[in-house]
Peer 1: 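What follows is a single structure, and I will ask about it in a moment.
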Amino acid sequence: MQLGQSRTLPVEKPELIDLAQAARYFGARGEADTATMALLQRCAVPLLAAATPRAVWLRAEVKALAEAGILRGSDVMRHLEGCGQAILLAVTLGPGVDAQIRRAGVGDIAAGVASDALGSALAEQTADAAEAELRQLAAAEGTYLTGRFSPGYGDWDIAVQPLVAAALDTARRAGLCVTDTNLMTPRKSVTAILGVSDHPVKGHLAGCGHCVLRTRCEYRKRGKTCASE
């Protein structure tokens, strides 16, 4: 069963990076102090300038995605309950952001860490914008989408990343590749799946019990979950 042709999705660069979210990635607990915010503001300008966001998406039958080996694990299947189709999405900030993070960290470790946090926040903002575009397209045809669910959430094996990238043709369409260790490059990239249904659906977020990120999750360190943010 064929998955179909992927398509690019226009995404505009945000005018500003969400500094509050970046501060959380930076490790701030509660409201960030003045020094942290000043560091983030200083690093945000060149990082935002370096970003060249691109997005690619593909709509396919859930059965076809399962047969292609992409939907490994029970959690992603639970997330897609009630959905006959799903959308694969990939968003990247481009190689310029990775380069800027490296430049910022030369001789200034704090600036490097801050820039990395800013890149993570900007990647999520861009993924949010892409998701909003997809929701508009879905609404225009009378369909509904679940929230995003990414490889590595719950028991959805991160090893599906090469399959997701291949299905979306991300190397050619967005310059996004996956390494032999299933890491994305550029690093500040997001892949996800959203269920498509003819009735309102929310999907099911995975629990923390067997999430591959549980030992290093910033949300858990703050006594929260990704579902609460």
Side-chain angles (χ1 to χ4, degrees), residues 1-14 52-94 122-178 182-186 188-206 226-227:
M1 190 178 293
Q2 296 297 317
L3 294 182
Q5 187 77 20
S6 63
R7 289 179 278 178
T8 58
L9 183 71
V11 284
E12 293 187 7
K13 185 191 303 188
T52 53
R54 299 179 73 179
V56 184
W57 67 291
L58 166 71
R59 181 167 168 169
E61 298 293 325
V62 168
K63 181 179 179 181
L65 292 168
E67 290 178 352
I70 292 174
L71 305 182
R72 301 178 192 171
S74 60
D75 287 323
V76 67
M77 294 305 296
R78 286 184 64 245
H79 186 71
L80 298 175
E81 283 179 4
C83 300
Q85 295 185 319
I87 290 174
L88 288 179
L89 172 67
V91 175
T92 182
L93 298 183
L122 183 57
E124 285 298 318
Q125 281 180 259
T126 308
D128 287 344
E131 180 181 333
E133 288 290 328
L134 292 173
R135 290 191 182 281
Q136 287 187 357
L137 293 174
E141 61 180 27
T143 56
Y144 302 86
L145 303 182
T146 66
R148 294 198 308 274
F149 196 94
S150 292
Y153 286 9
D155 64 355
W156 193 18
D157 196 341
I158 198 74
V160 303
Q161 289 285 33
L163 297 177
V164 172
L168 290 168
D169 195 13
T170 58
R172 185 171 65 88
R173 291 190 176 276
L176 170 59
C177 300
V178 178
N182 303 314
L183 297 177
M184 290 184 288
T185 177
K188 299 307 177 182
S189 303
V190 175
T191 55
I193 195 168
L194 302 92
V196 182
S197 178
D198 59 2
H199 60 275
V201 284
K202 292 184 178 179
H204 299 271
L205 290 174
C226 58

Peer 1: Side chains of Ile70 and Val164, heavy atoms from C-beta outward: is any pair under 4.5 Å?
Peer 2: yes
Peer 1: Could you tell me the separation between the CD1 atom of Ile193 and the NE2 atom of His79, rounded to the nearest 0.5 Å?
Peer 2: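 Those atoms lie 8.0 Å apart.
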Peer 1: On a heavy-atom basis, which atom in Leu3 and which in Ala60 lie closest, and how many Å separate them?
Peer 2: O-CB, 3.7 Å
Peer 1: Do Arg173 and Leu168 have side chains that get closer than 4.5 Å, going by heavy atoms?
Peer 2: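 No - every pair of side-chain heavy atoms lies 4.5 Å or more apart.
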Peer 1: Between Arg59 and Glu141 (salt bridge meaning N to carboxylate O under 4.0 Å), is one present in this structure?
Peer 2: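 Salt bridge flag = yes for Glu141 with Arg59.
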Peer 1: State the CG-CD distance between Asp198 and Gln85, to the nearest 0.5 angstrom.
Peer 2: 10.0 Å
Peer 1: With side chain to side chain contact (heavy atoms under 4.5 Å, CB included) as the test, pick out the partner of Leu194 among Leu145, Leu88, Leu80.
Peer 2: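 It is Leu145, the one option of Leu145, Leu88, Leu80 that forms the side chain to side chain contact (heavy atoms under 4.5 Å, CB included) with Leu194.
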Peer 1: Would you confirm whether Thr191, through its side chain, and Ala90, through its main-chain N or O, come within 3.5 Å as a donor-acceptor pair?
Peer 2: no
Peer 1: Taking atom CG of Leu183 and atom OG of Ser189, what is their separation to the nearest 0.5 Å?
Peer 2: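 The OG atom of Ser189 is 11.0 Å from CG of Leu183, to the nearest 0.5 Å.
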Peer 1: For Glu131, enumerate each residue passing the side-chain hydrogen bond (donor to acceptor under 3.5 Å, both in side chains) test, keeping only those at least two apart in sequence or located in another chain.
Peer 2: Arg135, Arg148
Peer 1: Determine yes or no for a side-chain-to-main-chain donor-acceptor pair under 3.5 angstrom, with Thr143 supplying the side chain and Val196 the backbone.
Peer 2: no
Peer 1: Working to the nearest 0.5 angstrom, can you tell me the gap between Lys13 NZ and Gln125 CD?
Peer 2: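 If I round to the nearest 0.5 Å, the distance is 12.0 Å.
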Peer 1: Working note: Arg72 + Leu163, criterion side-chain contact (heavy atoms from CB on, under 4.5 Å); need CA distance, chi angles, decisive distance, verdict.
Peer 2: CA-CA 11 Å; Arg72 301 178 192 171; Leu163 297 177; 3.4 Å; yes
Peer 1: Is there side-chain contact between Leu93 and Thr126, with at least one heavy-atom pair below 4.5 Å?
Peer 2: yes
Peer 1: Taking all non-hydrogen atoms of both residues, which atom of Leu89 and which atom of Trp57 are closest, and how far apart?
Peer 2: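 So the minimum-distance heavy-atom pair works out to CD1-CB, 4.3 Å.
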Peer 1: What closest approach, in Å, do Val178 and Ala165 show between heavy atoms, and which atom pair accounts for it?
Peer 2: CG2-CB, 3.7 Å
Peer 1: Indicate the atoms forming the closest heavy-atom contact of Ala55 with Ala130, along with that distance.
Peer 2: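 Reported closest heavy-atom pair: CB-CB, 4.4 Å.
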Peer 1: Search all heavy atoms of Cys83 against all heavy atoms of Ser197 and return the closest pair with its distance.
Peer 2: SG-CB, 4.1 Å
Peer 1: So how far is it from Thr146 OG1 to Ile87 CD1, rounded to the nearest 0.5 Å?
Peer 2: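 Reported to 0.5 Å precision, the distance equals 9.0 Å.
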Peer 1: State, to 0.1 Å, how close Ser6 and Leu58 come at their nearest heavy-atom pair, and which atoms those are.
Peer 2: N-CD1, 4.0 Å
Peer 1: Any non-hydrogen side-chain atom of Ser74 less than 4.5 Å from a side-chain atom of Asp155?
Peer 2: yes
Peer 1: Where the side chain of Asp75 meets the backbone of Trp156, is there a donor-acceptor pair that is under 3.5 Å apart?
Peer 2: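 No; zero donor-acceptor contacts below 3.5 Å.
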Peer 1: For the atom pair SG (Cys177) and CD (Gln161), what is the distance rounded to the nearest 0.5 Å?
Peer 2: 12.5 Å
